[in-house]
> 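I'd like to ask you about the structure that follows.
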Amino acid sequence: MKKRRTLLSGIQPSGDLLLGSYFGAIKNWAELAGEYDCFFFIADMHAITVRQNPADLRRRTLQQLAQYIACGIDPETCALFVQSHVSEHAELAWALGCCTMFGELQRMTQFKEKSAKNSENVNAGLFTYPVLMAADILLYQADLVPVGEDQKQHLELTRDIAQRFNGLCGDVFTIPEPYIPKTGARIMSLQDPGNKMSKSDSAAGASVYLLDSPDAVMRAFRRAVTDSGSDIRYDPAGKPGVSNLMQIYSAATGKSFGEIEVEFSGKGYGDFKTAVGETVTELLRPIRERTEDLLKNKDYLASIYKSGAAKASERARRTLGKVYKKLGFAEKA
Ligand code: TYM
């Protein structure tokens with residue numbers, strides 16, 4: 001029998017889950033999951049590269065697990081786990097760090113952006129973060145990694161590190177491919193469509209979160225910044241606000257930009273913003289309700305992340321064992 005390929009991805013619990021992360025990542029996890037052996041985790045070790053309130057981090061970790069399930073990830077067939085519960089992530093990151101170049105990490109745009117934003121805390125973890133991400137992926141011999149556009153550079157570095165290690169030590173790692181969706185890979189702020197929608201944006205209505213109330217969602221879309229002119233046309237350079245709303249509407253409905261232009265021809269921005277808001281509200285309603293339900297049963301959620309970590313550890317231990325052997329570490333008694 002042909003071996004099933006492996007799919008893996010993770011999200012940091014550094015803030016509540018964003019609509020951007022839904023379209024860029026989770027929606028595609030759920031759609032692809034049936035064809036792969038799946039590993040989905042909560043990247044809590046990545047989250048501490050920026051200072052976190054411990055109680056909030058713990059709460060968001062469990063909430064994120066509930067949201068993965070509410071978004072359609074089946075905990076019976078996929079390993080759902082918390083990154084810090086599988087110690088091999090940190091161990092492999094050290095080994096991979098020793099075959100990653102300082103200059104490679106210096107070129108990472110996300111490092112440059114995040115260190116500019118957190119100038120009072122440019123810690124070594126923020127710098128070596130892409131090595132931990134490479135370890136996350138390579139530990140499981142992942143074939144495919146569904147992520148948003150902003151993670152593409154980290155995936156390329158992961159491939160470079162894997163190829164370098166394989167070249168030096170013999171074939172150990174599968175070389176992963178990114179999976180970046182055609183629409184929704186880069187959702188922009190509703191208040192400033194020149195910038196990515198992000199968890200850390202505190203401007204009112206700039207970001208939409210999966211647990212936002214219908215009122216909050218409608219308000220954010222009604223107030224979304226649009227452009228001069230009045231026609232609904234896809235033109236990211238000339239009409240970034242409308243084009244971003246079209247990305248969201250297309251990702252939510254599966255309609256092409258051409259179909260959307262026809263649907264809204266002769267209508268104004270106000271009608272379009274209301275339609276996008278209503279579509280997103282209906283998309284999020286069952287996710288929010290299911291998440292709230294799941295959060296009532298903490299024991300169930302704990303049982304999911306425990307069995308997820310057990311399944312993940314099994315695969316992670318195997319890879320780490322091979323790596324240690326190739327590196328020449330003495331066998332443990
Ligand atoms: P994170 O937590 O910043 O984001 C999680 C996922 O959501 C995508 N995303 C977006 N997609 C479209 N539009 C947006 N505005 C938007 N904002 C975020 C991200 O591309 C990502 O797919 N380093 C990763 C987490 C990680 C990881 C991994 C991912 C750690 N280890 C291993 C894959 C494999 C991160 O910080 O994503």
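Counting starts at 1 for both ligands and their atoms, in listed order.
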> May I ask you to list the atoms of ligand 1 that are less than 4.0 angstrom from any heavy atom of V145?
33 (C), 34 (C)
> Taking only Lys NZ, Arg NE, NH1 and NH2, and the carboxylate oxygens of Asp or Glu, determine whether D150 and K196 approach each other closer than 4.0 Å.
yes
> Can you tell me the protein heavy atom closest to atom 31 (N) of ligand 1 and the distance?
D136 OD2, 2.6 Å
> Note the single closest protein heavy atom to atom 3 (O) of ligand 1, along with its residue, its atom name and the distance in Å.
K199 NZ, 4.1 Å
> For ligand 1, which atoms, with element, lie under 4.0 Å from some heavy atom of K196?
15 (N)
> Could you check whether the rings of H46 and Y129 sit parallel, tilted or perpendicular, using 30° and 60° as the cut-offs?
perpendicular
> Nearest protein heavy atom to atom 13 (N) of ligand 1, by residue and atom, and its distance?
I187 N, 2.8 Å
> Side chain or backbone of S14 under 4.0 Å from ligand 1, or both, or neither, by non-hydrogen atoms?
neither
> Could you tell me which atoms of ligand 1, counted from 1 in the order shown, lie closer than 4.0 angstrom to a heavy atom of Y129?
23 (N), 24 (C), 35 (C), 36 (O)
> Parallel, tilted or perpendicular: which fits the ring planes of W29 and F40, with parallel below 30° and perpendicular above 60°?
parallel
> Any N/O of L18 closer than 3.5 Å to an N/O of ligand 1?
no
> With heavy atoms only and a cut-off of under 4.0 Å, state how F41 meets ligand 1: side chain, backbone, both or neither.
side chain
> Is a side-chain donor or acceptor of N123 paired with a backbone partner of T49 at a separation under 3.5 angstrom?
yes
> Within ligand 1, which atoms have a heavy atom of A185 less than 4.0 Å away?
11 (N), 12 (C), 13 (N)
> Evaluate V147 for polar contact with ligand 1, using N/O atom pairs at a separation under 3.5 Å.
no
> Would one find an N or O of M197, backbone or side chain, under 3.5 Å from an N or O of ligand 1?
yes
> Could you tell me which atoms of ligand 1, counted from 1 in the order shown, lie closer than 4.0 angstrom to a heavy atom of Q12?
2 (O), 35 (C), 36 (O)
> Charged N to carboxylate O under 4.0 angstrom, D44 versus R60?
no
> Is the closest heavy-atom distance from H154 to ligand 1 below 4.0 Å?
no
> Tell me: protein heavy atom nearest atom 22 (O) of ligand 1, and distance?
G148 N, 3.1 Å
> Quick check, are the ring centers of Y209 and Y22 under 6.0 angstrom apart?
no
> Salt bridge between E31 and K27, side-chain N to carboxylate O under 4.0 Å?
yes
> Compute the ring centroids of F41 and F81, then answer whether they are less than 6.0 Å apart.
yes
> Can you classify the ring geometry of F127 versus F111 as parallel (below 30°), tilted (30 to 60°) or perpendicular (above 60°)?
perpendicular
> Looking at N244 and P193, would you say the former's side chain and the latter's main chain have a donor-acceptor pair under 3.5 Å?
no
> Looking at E35 and R4, does any basic side-chain N land under 4.0 Å from a carboxylate oxygen?
no
> Considering non-hydrogen atoms of the protein only, which is the closest contact for atom 37 (O) of ligand 1, and what is the distance?
Q151 NE2, 3.6 Å
> For ligand 1, which atoms, with element, lie under 4.0 Å from some heavy atom of A25?
6 (C), 22 (O)
> I want to confirm something. Looking only at heavy atoms, which of G20, S21, G10, G184 is nearest to atom 4 (O) of ligand 1?
S21
> Decide, yes or no, whether a salt bridge links K3 with D37 under the criterion of side-chain N to carboxylate O below 4.0 Å.
no
> Would you check the N or O atoms of D150, main chain and side chain alike, for any that come under 3.5 Å of an N or O of ligand 1?
yes
> To check your reading of the model: name the closest protein heavy atom to atom 5 (C) of ligand 1, its residue, and the distance in Å.
I11 CG1, 3.5 Å
